[in-house]
Amino acid sequence: MSNSKKAGDVICEELITAATANPDVLAVTSDSRGSASLSPFADQLPDQLIEMGIAEQNSVTVSAGLAHSGKRPFTFSPAAFLSARSIEQVKVDVTYSNTNVKLVGISGGNSYSVLGNTHHSLQDLATTRALPNLQVYMPADRAQTQGLMRYLVKSDLPAYIRIGKKALTDVYDSAEVAFKGPGKANLVVDNGDDITLLAAGETVAIAVDAATELKQRGIQAKVVDLVSVKPIDKEMINAVADATHHFVTIEEHSTIGGLGSAVAEVVAPRGDTKVDFVGFPDAPAIAGTQDEVFKYYGIDAQDIADRVEKLLKA
């Protein structure tokens with residue numbers, strides 16, 4: 001695997017293609033076109049970009065109004081603000097009426113790193129997946145981002161898409177393999193039946209590396225990419241639970257209400273599958289670069305492999 005494009009760059013490319021073909025496709029930003037990698041869109045299709053300024057709540061409400069008028073808005077804002085400051089507008093103006101607004105939370109998770117907890121979005125999955133009618137996605141690499149965007153530009157349903165800032169590591173070879181539709185996960189590593197690692201977004205590549213490290217230690221792991229956080233792939237989760245009966249979820253999110261919680265909700269009625277959580281604890285995150293913070297909380301391949309080894313020996 002090698003570093004690839006930022007998800008934002010891929011989204012911009014796909015959005016330009018879609019908006020060129022359909023003038024109803026719009027980009028709505030809250031003083032975030034640079035952070036959202038939308039400058040090429042603004043240069044090529046200036047009449048289809050709406051700049052709201054630093055007014056995230058208005059961005060959501062205006063986008064809902066545009067959608068009711070037949071437009072197809074993609075609304076970009078830092079995930080920390082879109083999933084917190086604007087959450088009432090998302091709830092009332094978008095999800096309550098099942099309105100076709102695509103909410104793109106940029107610089108998600110711990111991406112803003114040293115800017116601190118005001119800019120972290122370590123609760124966005126907990127809030128967005130609890131809203132009725134709202135699909136929630138976290139693409140893992142450029143191919144998956146392409147596939148997801150090609151679905152979203154045709155879909156009439158509201159969705160929240162969380163992306164980070166850095167270039168993503170390639171996991172897939174094609175968009176068709178990477179994204180199979182809402183409610184579909186991917187089994188990206190199948191080394192055996194000792195344990196299953198489940199991840200989404202940037203942590204998928206970490207899970208793949210952890211599985212490689214575990215194989216060298218004689219531990220055979222599966223890796224599941226839950227790109228569609230909501231709807232979640234219950235069939236896939238139950239299938240790997242049948243095989244391993246032990247999960248480790250890996251997420252750039254609080255361990256309360258996030259990816260691990262979504263997985264646990266599926267397997268809890270079974271009573272035969274243990275779920276361990278790797279993510280951010282119930283406390284303000286430390287300051288540091290994203291890599292430093294990940295290492296501190298054990299969200300890296302080596303630490304995950306160490307943790308799995310201890311869990312299986314316990």
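Everything quoted here is computed from the prediction, not taken from an experiment.
In this structure, E235 places its CD atom where only 12 or fewer heavy-atom neighbours from other residues, nucleotides or ligands lie under 6.0 Å away.
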- Determine, step by step, whether V101 and D93 satisfy the side-chain contact (heavy atoms from CB on, under 4.5 Å) criterion, reporting the C-alpha distance in whole Å, the side-chain angles of both residues, the deciding distance to 0.1 Å, and the verdict. CA-CA 10 Å; V101 178; D93 298 334; over 6 Å; no

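In this structure, CZ on F81 lies 8.5 Å from OG on S30, to the nearest 0.5 angstrom. Summarising the geometry, atom CD belonging to Q146 is positioned 7.5 Å from atom CD belonging to E13; distances are rounded to the nearest 0.5 Å. Taking CD of E56 as the reference point, atom CG of D31 lies at 9.0 Å (rounded to 0.5 Å). From S228, atom OG reaches atom CG of D233 across 8.0 Å, with rounding to the nearest 0.5 Å. Distance CG/L198 to CD/E251: 10.5 Å, rounded to 0.5 Å. Put simply, NE2 on H246 and OG1 on T273 are 9.5 Å apart, with the number rounded to the nearest 0.5 Å.
Taking a cutoff of 4.0 Å between a charged side-chain nitrogen and a carboxylate oxygen, R217 and D306 qualify as a salt bridge. Under a 4.0 Å N-O distance rule, the pair D194/K222 does not qualify as a salt bridge. Using a 4.0 Å cut-off between a side-chain N of Lys or Arg and a carboxylate O of Asp or Glu, R142 and E14 do not qualify as a salt bridge. Salt bridge present: D24 and K71 bring a charged side-chain N and a carboxylate O closer than 4.0 Å.
Between Y137 and F179, the ring centre distance stays below 6.0 Å.
Here the side chain of S174 pairs a donor or acceptor atom with the backbone of V177 at under 3.5 angstrom. No side-chain donor-acceptor contact under 3.5 Å links E292 to the backbone of G288. Under a 3.5 Å cut-off, the side chain of H120 and the backbone N or O of A80 do not form any donor-acceptor pair. Using modelled atom types, one side-chain atom of Q48 and one backbone atom of V25 make a donor-acceptor pair closer than 3.5 Å. Using a distance-only test at 3.5 Å, with no hydrogens or angles considered, no donor-acceptor pair links the side chain of D303 to the main chain of I299. Side chain of S121 to main chain of G109: a donor-acceptor pair is present (N/O by atom type, distance under 3.5 Å, no hydrogens or angles). Remark: the backbone N or O of A200 is not paired with any side-chain donor or acceptor of D225 at under 3.5 angstrom. The closest donor-acceptor contact from the side chain of S111 to the backbone of G108 lies under 3.5 Å. Of the possible donor and acceptor atoms, one in the side chain of S69 sits under 3.5 Å from a partner among the backbone N and O of G65. No donor-acceptor distance shorter than 3.5 angstrom exists from the side chain of K102 to the backbone of R72, with no hydrogens or angles considered.
Screening residues 271-281 for salt bridge (Lys or Arg N to Asp or Glu O under 4.0 Å) gives R270-D272 as the qualifying pairs, with residues at least two apart or on separate chains.
Minimum heavy-atom separation, S97 to T99: OG-OG1, 2.6 Å. In terms of heavy-atom proximity, N191 sits nearest to A211 at ND2-O, 3.8 Å. The two atoms that bring P182 and Q135 nearest to each other are CB-NE2, 3.9 Å, heavy atoms only. Contact between K166 and Q290 at its shortest, heavy atoms only, is CD-OE1, 3.8 Å. Of all non-hydrogen atoms in F41 and C12, the two that sit nearest each other are N-SG, 3.7 Å.
Using modelled atom types and a 3.5 Å distance limit, the side chains of Y172 and N186 yield a donor-acceptor pair. Side-chain contact annotation: S37 with D9, donor-acceptor N/O pair under 3.5 Å present. No hydrogens or angles considered: nothing links the side chains of Q57 and S86 as a donor-acceptor pair under 3.5 Å. A donor and an acceptor atom, one from each side chain of T75 and S59, are nowhere located under 3.5 Å apart.
Counting only heavy atoms from C-beta outward, the side chains of Q220 and D193 never approach each other to under 4.5 Å. D209 is not listed as a side-chain neighbour of T169, based on a closest heavy-atom distance of 4.5 Å or more.
No path of Ile, Leu, Val, Met, Phe, Trp and Tyr side chains, each step under 4.5 Å between heavy atoms, connects I16 with V10, placing them in separate hydrophobic clusters.
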